[in-house]
Structure formats: structure tokens, C-alpha cells
Amino acid sequence: MTGIIVKGSFRFTKKERIAHPQDFRRIMKSGRRVSSRNFVLFMMKSENMFHRLGIVVKKEIGPATFRNRMKRLIREFFRLHKHQIRGRYDLILMVKKGCSINRYQEAEEELKGFFNI
RNA sequence: CGAGGGGAAACAGAUGGUCGCUCUUCUUGAGUUCCUGCGAAACAGGAUCUCAGGAGGGGAGGAAAGUCCGAGCUCCACAGGGCAGGGUGGUCCGUAAUACGGACUGCUCCGUUCUUCAAAAAGGACGGGGUAAGGAAAGUGCCACAGAAAAGAAACCGCCCCGUGAAGUAGGCUUAGCCGCCACUUCACAGGGUAAGGGUGAAAAGGCGAGGUAAGAGCUCACCAGUAUCCUAAGCGAUGAGGAUAGCUUGGUAAACCCCACCCGGAGCAAGACCAAAUAGGUUCCGUUUCUCCCCCGUGGAUGGGCAACUUUGCCUAUUCCGCAGGAGGGGGGUAAGAAAAGCCCAUUCAAAUUUGUCCCGGGGCUUCGCAUCGGGGCAGAGGCGGGACGGGUGAGGUCGCUUGAGACCCUGAGCAAUCAGGGCCCUAGAUAAAUGGCCAUCUCCAGAUUCCCACUGAAAAGCGGGAUCCGGAAGACAGAACUCGGCUUAUCGUUCCCUUCGUCAC
RNA sequence: UGGGGGAUCGUUCAAUGGUAGGACAACGGACUCUGACUCCGUGAAUCGAGGUUCGACUCCUCGUCCCCCAG
């Protein structure tokens, strides 16, 4: 977290999001799959010059407030750490059932394990 | 003072910094397309769109939730009437409307107090809570167990009357005994009257008393309770108060069927409208070709082979199971063999193909009518190919709908209130894999916790309250707009107020 | 988003408003040298709250959870 990075690079714009169902289907079917205690990561090489992120939180995870918080925490992590991820990938993060993360630091520690940061 | 329950109101941390998200306004740079400038190029101006930025402004809730009601809005359907189905149910008012709200009435429950009273219990007054609260006298059904009986009041026990028979008594006579008509008692039988009594049940056919009777009975009468009708005055009304009359009395259940009165077209913003594109097949129309034979593709059947779930049998094993041990059996492992139906793949072979119908002309055959066949032509039908139109299916985009509304806030007035009227002022979220977040600092905060001090109670231990300090803490509950409103219901941290219950202390 | 259905012993199914019943499983016993089969017995439940009713698994209201259908 040195301050050398160009201003504005911590943004999370619309084209960095995966929005179409066929993209989700393609990546989750043929991408690589890594899982940890509370998350599952699908990744696949992309032709774009940047990373893209999609988040999956099923309805069985919890009520709408909790689902929104999980999406915000994952988005915050991607926004702050996307420059430290090597390569150009399409990423999908899915939250597992029974997840009980409440604070950002817990999520950050666990997600760092995926990318060896 | 503390704890519990119920209700109401307000808030749902604040300030600053920083990194972001979304909408919108303005703007800078680059580029695409179009128009204008004599206009081909270059250049200039304007519009639209895309990308990369900059500045300003807005950005979740009291329940956004559940989807239980009611509407707006959109589309579809629609002559009129009825049936079916669904909903509502005291009265009046409010509202766009409601299964909502307010006030009142009835019923019911609780508390306080008064009266009768030994108590229980009953009644009155006041306060609070609940209430889906039309009809059981239109009809049908049900009311377990217990009980004589659970709904036409009848059967049973019981009570009573009359008759017959038997026994006995009082009594009589012709007195070892007999009679016993009339009278009485008991028993049995037959006929009749009765609903007082039967203490079971959640509920028992009005209650108490008097008359009356063979025994009884609202059979009659007085009082009381209840029903219906009428009258008087009160209230808009539900209804309550008083009086008269009648029949004398009617079980409960309609959140059982049902009856009565009133109301209801269906679907829902994933409604609906527009734009741009992809694909196999369907229906229909037109054109062409074939309907002799052959070939190819395709379809179906048969045979063979392969894949394989699986199944069965034989053999072996005892390192591991049940068993004290062994046999038998079961279970485990290994090996070998087999493999039904259906499925997929490959090879061979066979079959059906629409080898059509009708009319006209011509040739030959049968003695004629006529029939069969061959060739040509017309019409119809079927199949193939090409083209057009139509409707919808599948997967997946964009724009609009999309936030000014029965709107919020303040003041005044009307009304018991719900609410309404007038005036002022304001614009206050519009996402679509789905926007409000992360981090840091400070302030107040304490539901955790250390130590110390003070006050009260207490012999002490200790309890409780207040203050200071330190550590710690996620500012902590329920919870995230999805077309928009009005209600209802449910969830909920802390603070304040009101009501109520309990405990402790003091007077 | 709209519509429909359901929740009963550990599991799976019953039950005209009137004592919640089977089957499998569990436990105990009998039979057998032992096991299996069979027989006998025992325990165990109406999703939660409120209402109607003399009485509720059943009827009504609210809530929780689950399943199915359409797009």
C-alpha cells in the first residue's frame, strides 16, 4: 500500500464487472476452481487488459442485508488489491453456505490467501 | 428504588479526513456519424453518440419485511339478465377504498369500592381490557362418554286410579272350623293417568311459593327471569328506561351445510410500448419438378460385434467381523465365467416407399356391351426444391414505463376523535449480477470490566446508589427501496412519558 | 412476481370435531448352541401463538419453515 499508484486506479467501474449470465455460466463451467473456508473462486484467463469480477451470493446464505454486506466487502477487497493480482483474469467469487464473516478484516485475510498477497 | 408486562411519541449516533459506488447538471480533451459554410480535401461551427477526466448537487426504512386487505396505473375481455364461486356482517361517522380507523351500543373478563350477607355468592357505581357482534321461530346435520332421556318430548324406574287373582287383617257365623259381600294391607298380571322425583353431563325442557288433584302438571294465581307486539318520552341510529297485552317458555352449534342483506370481470410493471438482431421447425399461398426404372440420402425391421450398469454360479482366502471353538449360514476381499429388456456406436441384409384417382384421344387383344393394358394430354392429390406471408416457441439485449404524489412540513379553523377545510413553503433515491460502503481521528455512550473514594442499610460478610481512573468494545436491535400509495400484521437496541403487577426499604 | 400444497413418534404414512393408529427403526423378552426370520411387550409425536366450541391434528386468524407450478 505505497502511495505511488496513480490516482483513480482504485475505482471499480462498470466494465470491470461481469454482468451477463452466459459469462457466469462459461467461467464457472470451464474455469479453474479454488475454494477456502467461506469462499469459492472461479478464475479464467481473459482477453481484456484488466481483471473482471463477478460475485455470487445465493439466497440461502442469509437475509438481504447480510448478502449486501458480503458483496460490499468483496468489492472493497477487489478494488484495493486488484493491482497485486498477476495476469489478466475473469474472477467469480461465490460465498459458501454458513458464512459468518462480519468485518472487513476477516474477509481481507481470507481473500488474500487466494492470491498469495 | 429495583424487576416484569402493556401502550404512546421522537431518534435510529454526530463532526472531520481519505479511498470508492450510483443518479443528475455544467465542463475539458480525443474520436465516430450527420448537417451547414461555393464544399472534393483541409479547416470552422452546430447536433448526436462513445471513451478518458474535472467541478457542483442528491442518494434507504419505521418497519423498506410478510404479501393479509384496499386502491391508482397498464393490458385483455365485455349486448342484457341469471346461475355457480368468493368476500363482508351491531350502529353512526371518516376515507379514493377496505377485512382499515374513530366514537357509541350490546356481550364478556379483570380490578377498586358500596349494599345484602356468617361466608360463598348476587346486585349497583367507577376504571381498564377483549369482542368475525345478522338469522337456531325457513330447512338439514351433529351433540362422544356418562345419563331414564341430548330434542316431535316419548320409552324405563317411580307415583296414582280402576279391574282380576292370591295371601293376610279388622270383622261375622252354625266357633276343632267356615265365610270373608262391603272396608284395609301386601304381592302378581292386564288397562290407564302422570311428568313432581331419577344428580349424570359442558348443556336436562322457566324459578320459588300458594291453590288444585286419585297422583300430578303454567292446570290456575302472585312475584321474578326471558320472548314477541304495541304505546310513551330520549337518541341520527344501534339501543337503553317505563308501561300495557299476548302465548305461557322457545337447548347449544352457522370460524357445520345453509338462509338473508350488500359487494366482486380477469391478469399483473416479469403489466405494457418501442428499437435492433439470431436460429431450427409449424401453418398457408405461389412457381417448378416427380409419381416408369435405377442410384444416393434418410426411415424402420432383422442378424452379428463392441461399450456397459448389473446379475448368477464355481473356486480360493481367514491378515480383519458375528462365534469359547468347530461345522453350517451371513458379511468382507480376490479370481474366473455369464449377461435379459431398454440405450449408444459399427458392419451386413431386407422392407415400405406417394409405384395415386378421374376425364378425353389413339393403338392392338377378347364376338358385342364392357373390361384389362400401353402411349399422349387435361384436372385433382401426394412428395421434393425455391420464394413470399402469418402466428407463436427458445435463449438473450437496449430505451421508455420510473417517480409530482389520495406528496411531505408548518400555521389557523371545524370536529370528542378518526379526519376535513384554508393559507404558506419545499421537491425529497431511482438501481437492474442490482447503487448508501471500507479505513482513520475526536466527541459524547456503557450493555463488559480493574482499582479507589463517598453516602445509606447491616454486628459483620455483603447489598445498593453516586463519582473518579484504567483496560476493552462491532455505536451495537430488527433490518436494504425494485411501479406507486393507504391500512393491517410481524420483528426490534437504547432514551423519555403513562398504566399495571411483584419485591425491598422508610414513614 | 403470481398461484398452489404441506408440516403428526427417530423415519414414512393414517385418523366423519369426541381415548392420536399402523409399518420400519430403537429397547427388553421368548424361540435358537449363536445369528437371521418369527412372536410378545415397552417407550416415543399433532410446527409456534391466539380464537370459535362443552371439547380442536381437524374450523378460523397471525407467524416460522419446506416443497411444487407458471413466466
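So that the names make sense, note that chain A is the first sequence line, chain B the second, and so on, each numbered from 1. All values reported here derive from a predicted model rather than from experimental measurement.
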Assigned partner base of rG237(B), Watson-Crick or wobble definition, under 3.5 Å
none
Rounded to the Å, how far apart are His81(A) NE2 and rC19(B) C1'?
13 Å
Send over the distance from Leu80(A) CG to rU18(B) C1', rounded to a whole Å.
12 Å
Shortest non-hydrogen contact from Lys71(A) to Ile55(A)?
O-CD1, 3.7 Å
On a whole-Å scale, what distance lies between the C1' atoms belonging to rU61(C) and rU131(B)?
14 Å
Between Lys71(A) and Asn68(A), name the one whose nearest nucleotide on RNA chain B is closer to the 5' end.
Lys71(A)
Pick the P atom in rC23(B) and in rU403(B), then give their distance to the nearest Å.
14 Å
In the strands shown, is rU42(C) matched to any nucleotide by a Watson-Crick or G-U wobble pair with both distances under 3.5 Å, and which?
rA26(C)
Paired with rA277(B): which nucleotide, if any, by Watson-Crick or G-U wobble criteria at under 3.5 Å for both distances?
none
Same-atom distance (C1') from rU12(C) to rA44(C), integer angstrom
16 Å
Would rU403(B) be called syn or anti, given that syn covers angles within 90° of 0?
syn
To the nearest 0.5 Å, what is the distance between CG on Leu93(A) and CZ on Arg75(A)?
12.0 Å
For rG430(B), does the O4'-C1'-N9-C4 or O4'-C1'-N1-C2 angle fall within 90° of 0, making it syn, or is it anti?
anti
Expressed as a whole number of angstroms, how long is the span from Arg52(A):CZ to rA433(B):P?
14 Å
Distance, rounded to the nearest Å, where Leu73(A) contributes CG and rG438(B) contributes C1'
8 Å
Pairwise P distance, rG56(B) and rU469(B) [rounded to whole Å]
42 Å
Take atom CZ of Arg75(A) and atom P of rC21(B), then tell me their distance rounded to the nearest Å.
11 Å
Given that Glu76(A) and Val56(A) both sit by RNA chain B, which one's nearest nucleotide is further toward the 5' end?
Val56(A)
Length of the line joining Ile55(A):CD1 and rC21(B):P, which is rounded to integer Å:
14 Å
Rounded to whole angstrom, note down the P distance from rG18(C) over to rU11(C).
26 Å
Are the side chains of Phe42(A) and Val56(A) in contact, using a 4.5 Å heavy-atom criterion?
no
Taken to the nearest 0.5 Å, the spacing of Met43(A) CE from Tyr89(A) OH works out to 4.5 Å
Kindly indicate whether the side chain of Leu73(A), heavy atoms from C-beta on, has any atom under 4.5 Å from the side chain of Leu111(A).
no
Distance in angstrom units between Ile74(A) CD1 and rG437(B) P, rounded:
17 Å
Using the C1' atom as the point on both nucleotides, what is the distance between rC410(B) and rA63(B), in whole Å?
26 Å
Among residues at least two apart in sequence or on other chains, which ones pass ring-ring contact (aromatic ring centres under 6.0 Å, His included) with Phe78(A)?
Phe12(A)
Complement of rG59(B), any strand, by Watson-Crick or G-U distances under 3.5 angstrom
rC21(B)
How far, in whole Å, is rA204(B) from rC264(B) if one measures between their C1' atoms?
47 Å
Can rA60(B) be described as syn, meaning its chi torsion is within 90° of 0, or is it anti?
syn
Both distances under 3.5 Å, Watson-Crick or G-U wobble: report the partner of rU299(B), or none.
rA351(B)
Given that both distances must come in under 3.5 Å, which nucleotide forms a Watson-Crick or G-U wobble pair with rG37(B)?
rC43(B)
Per the glycosidic torsion and the 90° limit around 0, nucleotide rG218(B) is syn
For the base of rG480(B), is there a side-chain donor-acceptor partner from Arg72(A) under 3.5 Å away?
yes
Identified pairing partner of rC223(B), criterion: Watson-Crick or G-U wobble below 3.5 Å
rG207(B)
Determine whether any donor atom in the side chain of Arg79(A) lies under 3.5 Å from an acceptor atom in the base of rC19(B), or the reverse, and answer yes or no.
yes
Less than 4.5 Å apart, side chain to side chain, heavy atoms only: is that true for Val40(A) and Val34(A)?
no
Find the distance Asp90(A):CG to rA433(B):C1' and express it as a whole number of Å.
14 Å
Taking the P atom in each of rC359(B) and rA372(B), what is the distance between them to the nearest angstrom?
11 Å
By the Watson-Crick or G-U definition, both distances under 3.5 Å, rC117(B) is matched with none
